[in-house]
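Heads up: the structure comes next, in structure tokens.
Residues take their numbers from the sequence shown, with the count starting at 1.
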Amino acid sequence: QKRTIGSHGNGDGQFYQPFGLFIMGDVMYVADYGNHCIQKLTTGGQFMQKFGQHGSSQGQFDGPVSVIVDQRDRLMVSDFYNHRVVILDHAGTLILTINGSISGSHSFQHPYGLALDPQGNIHVAACHSNTIKVFTPEGTYVRSYGDA
């Protein structure tokens, strides 16, 4: 049986270029790239909440592409054009920002994919840096893989 969740647009439960998707239990988080937000829905498609708007300040995104949830139930969002990973609680309140635009070995450009290892470390695939950067759950740089 075919089922469609959402539609094209910029309203609640509507998407414009949804990129990332994370499902936990009966809750679905969608990285809505074109609407510059994270949408929270039930897996049945009922809209629950929206986080963010277009921009570069706190509470804003510029092209979110990935969203995951860690063992502490924190949302992690790769904010593509702001060159950062934003960590939020389930109400959308900022907990931590891992800023990739700061120069040094931990810098990255255009974070795309996010993954967690068994220790809870955050792995950030940065497509224009040709690297994977690893950070502790508190945001401390650990190491890099790939071109620096």
Side-chain angles (χ1 to χ4, degrees), residues 3-104 106-129 131-144:
R3 183 177 76 176
T4 301
I5 295 176
S7 61
H8 177 74
N10 60 8
D12 294 346
Q14 295 183 316
F15 308 112
Y16 183 56
Q17 298 178 319
F19 272 44
L21 177 67
F22 188 88
I23 297 174
M24 185 173 70
D26 62 348
V27 175
M28 174 173 38
Y29 296 93
V30 179
D32 191 348
Y33 176 86
N35 284 323
H36 307 285
C37 67
I38 301 299
Q39 294 206 47
K40 181 179 178 181
L41 300 97
T42 67
T43 52
Q46 181 180 16
F47 175 80
M48 298 172 74
Q49 194 172 8
K50 187 184 291 188
F51 312 128
Q53 59 185 345
H54 188 231
S56 60
S57 298
Q58 183 175 323
Q60 298 179 325
F61 299 110
D62 192 1
V65 292
S66 296
V67 60
I68 60 174
V69 179
D70 72 0
Q71 299 94 329
R72 299 180 190 176
D73 291 328
R74 303 180 306 170
L75 280 76
M76 300 182 175
V77 179
S78 55
D79 190 2
F80 193 76
Y81 290 109
N82 284 327
H83 310 290
R84 63 188 181 187
V85 174
V86 179
I87 301 175
L88 310 167
D89 68 15
H90 281 279
T93 303
L94 179 68
I95 296 172
L96 176 69
T97 299
I98 300 172
N99 191 343
S101 63
I102 297 174
S103 63
H106 62 283
S107 68
F108 55 83
Q109 292 180 341
H110 301 105
Y112 200 92
L114 297 175
L116 299 168
D117 64 25
Q119 293 75 39
N121 291 319
I122 307 158
H123 295 249
V124 181
C127 64
H128 290 146
S129 303
T131 59
I132 296 173
K133 302 288 183 170
V134 183
F135 298 87
T136 66
E138 293 74 33
T140 303
Y141 172 75
V142 177
R143 66 183 167 277
S144 296

Q. Taking the six-membered ring for Trp, are His8 and Tyr16 ring centroids under 6.0 Å apart?
A. yes
Residue pairs meeting salt bridge (Lys or Arg N to Asp or Glu O under 4.0 Å), one or both in residues 48-70, sequence neighbours left out, come to Asp12-Lys50, Asp70-Arg74
Next item on the list: May I ask you to decide if Gly13's main-chain N or O and Gln39's side chain share a donor-acceptor pair within less than 3.5 Å?
Entry: yes
Here the gap from Lys133 atom NZ to Arg143 atom CZ, rounded to the nearest 0.5 Å, amounts to 12.0 Å
For Asp32, the salt bridge (Lys or Arg N to Asp or Glu O under 4.0 Å) test, sequence neighbours excluded, returns none
Pair up each side-chain donor or acceptor in residues 41-48 with any protein partner under 3.5 Å, not counting sequence neighbours, and list the distances.
from, atom 1, to, atom 2, distance (Å)
Thr42, OG1, Gly44, N, 3.3
Thr42, OG1, Gly45, N, 3.3
Thr42, OG1, Gln46, N, 3.0

For Pro64 and Ala31, the nearest pair of non-hydrogen atoms, with its separation, is O-CB, 3.8 Å
Residues passing the side-chain hydrogen bond (donor to acceptor under 3.5 Å, both in side chains) test with Asn121, sequence neighbours excluded, are Asp117
With sequence neighbours left out, the residues meeting ring-ring contact (aromatic ring centres under 6.0 Å, His included) with Phe19 are Tyr33
Distance-only check: which donor-acceptor pairs under 3.5 Å involve side-chain atoms of residues 90-98, not counting sequence neighbours?
from, atom 1, to, atom 2, distance (Å)
His90, ND1, Tyr29, OH, 2.5
His90, NE2, Asp73, O, 2.7

Is the backbone N or O of Ser66 less than 3.5 Å from a side-chain atom of Ser78, with the two atoms forming a donor-acceptor pair by type? yes
Closest non-hydrogen contact found for Pro111 with Val85 is CB-CG2, 4.4 Å
Quick one: does Phe22's side chain get under 4.5 Å of Leu75's, heavy atoms only? no
CD1 of Ile38 to CE of Met76, rounded to nearest 0.5 Å, is 13.0 Å
With sequence neighbours left out, the residues meeting ring-ring contact (aromatic ring centres under 6.0 Å, His included) with His123 are none
dist Phe108:CZ -> Cys127:SG (nearest 0.5 Å) comes out at 11.5 Å
Applying ring-ring contact (aromatic ring centres under 6.0 Å, His included) to Tyr112 and not counting sequence neighbours gives none
For Asp79, the side-chain hydrogen bond (donor to acceptor under 3.5 Å, both in side chains) test, sequence neighbours excluded, returns Asn82, Arg84
Hits for side-chain hydrogen bond (donor to acceptor under 3.5 Å, both in side chains) against Gln14, two or more places apart or cross-chain, chain-then-number order -> Ser7
Residue pairs meeting salt bridge (Lys or Arg N to Asp or Glu O under 4.0 Å), one or both in residues 34-46, sequence neighbours left out, come to none
Run the numbers on Val124 and Ile132 for side-chain contact (heavy atoms from CB on, under 4.5 Å), then give the verdict. CA-CA 5 Å; Val124 181; Ile132 296 173; over 6 Å; no
Is the number of heavy atoms from other residues, nucleotides or ligands under 6.0 Å of Gln119 CD greater than 12?
-> yes
d(Gln53 CD, Asn10 CG) to nearest 0.5 Å is 12.5 Å
Residues passing the ring-ring contact (aromatic ring centres under 6.0 Å, His included) test with His110, sequence neighbours excluded, are Phe80, Tyr81, His83, His128
Heavy atoms of Ile122 and Pro137 approach each other most closely as CD1-CA, 4.2 Å
